Structure formats: C-alpha cells, structure tokens
Amino acid sequence: MARIICKFKLDAIKRGLYGSEELHSLEMSPVCSNGNPENSKFWKWTPCGKFEVSTVNKSATDSLELGKEYYIVITDVKPEGV
C-alpha cells in the first residue's frame, strides 16, 4: 500500500457560494527550506506544487489557521467490501 506524507502551508482560505451553500476553499503550498530541518527534508522532494480543496462543511475549516503548516497524507483506498 502506498503512503506519502506531504507538508504544506495554508496560504489562503476563500469563501464563496456553491449554489445556496457557503463554500470554503483552501489553497496550500509545500513548505520551503527555511532553516527548519524537517521542512528542508520535505522541500528537497517537493520544492513546488499546490494543493486546493473546497468544502461546504464549515466546521472542517474552522480550526485551520493561515500561515500554519499541515501534513497531508496520501494513501490507497481499500475497495469497498474489503
């Protein structure tokens, strides 16, 4: 099973409408090599990129802070019924 851990910084939280629902869009970029040893390791393998996601679930974004760093984990999905 594949498992990749990425480290991104939250650059923007944009709000808009999706039909009649309030839409919360997150824009993130990979951490940079800023003297932080862990960030230097992540930056070595992912020096550029972009992660964007939008949700109508406001509570999912309420605890996020602009400029803060977050891990994003990419892993395989098990087939249904397994």
Side-chain angles (χ1 to χ4, degrees):
M1 173 166 26
R3 185 168 190 261
I4 301 167
I5 300 174
C6 306
K7 191 173 180 184
F8 278 68
K9 182 180 78 150
L10 181 57
D11 297 318
I13 300 175
K14 297 180 179 178
R15 291 178 173 81
L17 289 176
Y18 183 74
S20 62
E21 303 267 2
E22 185 178 27
L23 187 68
H24 306 267
S25 299
L26 307 176
E27 296 180 4
M28 304 177 91
S29 59
V31 295
C32 62
S33 178
N34 58 0
N36 175 314
E38 183 183 65
N39 286 1
S40 295
K41 290 177 186 176
F42 278 95
W43 180 77
K44 177 182 177 183
W45 301 109
T46 315
C48 59
K50 186 175 175 179
F51 178 80
E52 290 185 52
V53 65
S54 298
T55 180
V56 294
N57 181 357
K58 182 180 181 301
S59 64
T61 61
D62 280 346
S63 63
L64 301 179
E65 298 175 31
L66 286 176
K68 193 169 179 180
E69 297 171 349
Y70 297 91
Y71 294 113
I72 297 172
V73 179
I74 302 169
T75 187
D76 295 351
V77 175
K78 292 182 180 178
E80 289 186 40
V82 174

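Nothing fancy with the numbering, it's 1 onward along the sequence. In this text the structure is predicted, and so the values were computed from the model without any measurement.
Side chain of T46 to backbone of W43: no donor-acceptor contact under 3.5 angstrom is found.
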Distance-only criterion, 3.5 Å: show the donor-acceptor pairs between side-chain atoms of residues 12-19 and protein atoms not counting sequence neighbours.
| unit_1 | atom_1 | unit_2 | atom_2 | d |
| --- | --- | --- | --- | --- |
| K14 | NZ | E27 | OE2 | 3.0 |
| R15 | NE | H24 | ND1 | 3.2 |

All N/O donor-acceptor pairs, side-chain side in residues 34-42, below 3.5 Å, sequence neighbours left out:
| unit_1 | atom_1 | unit_2 | atom_2 | d |
| --- | --- | --- | --- | --- |
| N34 | OD1 | N36 | N | 3.3 |
| N36 | OD1 | E38 | N | 2.8 |
| N36 | OD1 | N39 | N | 3.0 |
| E38 | OE1 | K7 | NZ | 2.5 |
| E38 | OE1 | Y71 | OH | 2.9 |
| E38 | OE2 | Y71 | OH | 2.9 |
| N39 | OD1 | K7 | NZ | 2.7 |
| N39 | ND2 | E69 | OE2 | 3.0 |
| S40 | OG | S33 | OG | 3.0 |
| S40 | OG | N36 | O | 3.1 |

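For the atom pair CG of L10 and CZ of F51, the computed distance is 10.5 Å after rounding to the nearest 0.5 Å. Residue I72 holds its CD1 atom at 12.0 Å from CD1 of I4, rounded to the nearest 0.5 Å. A distance of 9.0 Å separates CG in L26 from OH in Y70, rounded to the nearest 0.5 Å.
The side-chain heavy atoms of E52 and M28, taken from C-beta on, include no pair separated by under 4.5 Å. Inter-residue side-chain proximity for T55 and L23 is flagged as unmet; no heavy-atom pair is nearer than 4.5 Å.
The minimum heavy-atom distance between V31 and K9, with the atom names listed, is CG1-N, 4.4 Å. Closest approach of T75 and A2 over heavy atoms only: OG1-O, 3.2 Å.
A salt bridge between D76 and K78 is absent, with no side-chain N of the basic residue lying under 4.0 Å from a carboxylate O of the acidic one.
One side chain, N57 or S59, offers a donor N or O that lies under 3.5 Å from an acceptor on the other.
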